[in-house]
Amino acid sequence: QVRLVESGGGSVQAGGSLRLSCVASGYTSSFRCMGWWRQAPGKEREGVAMVYTGGGKAYYADSVKGRFTISRDNVKNTVYLQMNSLKPEDTAMYYCAAVPASTACYSGSWSQGRNFDYWGQGTQVTVAS
């Protein structure tokens, strides 16, 4: 059974930084791509960033470009989200998700979560003004 476990969330002042981690376990083949989503109370889920595990090409939501960086360590089965210059509007529950290696990962519609079959339980990020 595939399991994704996020960590690294917490409370920080605006302008601060956090680094989220997502460790994957329980699978016998690699994922095609992995990503981060977030959801604030009363708002829809938003795709934050996605990375192809093979080549490392990454995609970002416009709201986080230049501030957030997604990376992966295939040896450690881990994907990271480095978040800098945090703003109060970044406050949300952050979720990690993955596309199985046997499934296509669509760069043009990744933020909609298409084919991201595996999801973690989330880690809370709170940014105070």
Single-linkage hydrophobic cluster, 4.5 Å side-chain cutoff, Met83 and Val12 together: yes
Worked check of side chain to side chain contact (heavy atoms under 4.5 Å, CB included) between Thr123 and Ser7: CA-CA 6 Å; Thr123 185; Ser7 63; 5.6 Å; no
Sidechain-backbone polar pair: Arg72 side chain, Thr53 backbone, donor-acceptor under 3.5 Å: yes
Exam field: side chain Arg32 to backbone Thr103, donor-acceptor pair closer than 3.5 Å: yes
Connected via hydrophobic side-chain network under 4.5 Å: Trp110 and Tyr60: no
Ser107 side, atom OG; Tyr52 side, atom OH - distance, nearest 0.5 Å: 4.0 Å
Minimal non-hydrogen separation, Ala104 against Asn115, with atom names: O-ND2, 2.9 Å
Trp36 side chain reached by Arg38 side chain, heavy atoms, under 4.5 Å: no
Met93 CE to Thr126 OG1 distance, which is reported to the nearest 0.5 Å: 9.0 Å
Point-to-point distance, once rounded to the nearest 0.5 Å, from CZ of Phe31 to CG of Asn77: 8.0 Å
Taking every non-hydrogen atom, the tightest pair across Cys22 and Leu4: SG-CB, 3.9 Å
Side-chain donor-acceptor pair present, Glu89, Ser63, cut-off under 3.5 Å: no
Minimum-distance pair of heavy atoms, taken over all atoms of Ala61 and Glu46: CB-OE2, 4.3 Å
Reported CE-to-CG distance for the pair Met34 and Leu81, which is rounded to 0.5 angstrom: 12.0 Å
Donor-acceptor pair, side chain of Glu6 and main chain of Gln121, under 3.5 angstrom: yes
Path from Val48 to Tyr118 over hydrophobic side-chain contacts below 4.5 Å: yes
Over all atoms of both residues, closest heavy-atom pair of Ala14 and Ser129: CB-CA, 4.3 Å
Heavy-atom side-chain contact between Tyr95 and Arg45 under 4.5 Å: no
Parallel, tilted or perpendicular, as decided by the 30° and 60° cut-offs, for the rings of Trp37 and Phe116: perpendicular
Distance, nearest 0.5 Å, that separates CZ of Arg67 from CG of Leu86: 6.5 Å
Check against side chain to side chain contact (heavy atoms under 4.5 Å, CB included), Val125 and Leu20: CA-CA 9 Å; Val125 171; Leu20 305 184; 4.1 Å; yes
Test item: Tyr80 side-chain N/O and Thr69 main-chain N/O as donor-acceptor pair under 3.5 Å: no
ILVMFWY network linking Val64 to Val127, side-chain heavy atoms under 4.5 angstrom: yes
Rounded distance [0.5 Å steps], OG in Ser71 versus CZ in Arg19: 6.0 Å
Trp119 with Val23, same ILVMFWY side-chain cluster at under 4.5 Å: no
Where Gly8 and Leu18 come nearest, the two heavy atoms and their spacing: O-CD2, 3.9 Å
Ionic contact status for Lys87 with Asp90, cut-off 4.0 Å: no
Met50 vs Ser111, side chain to side chain contact (heavy atoms under 4.5 Å, CB included): CA-CA, chis, key distance, verdict: CA-CA 8 Å; Met50 182 273 279; Ser111 63; over 6 Å; no
Smallest separation among heavy atoms of Cys96 and Val79, with atom names: SG-CG1, 3.8 Å
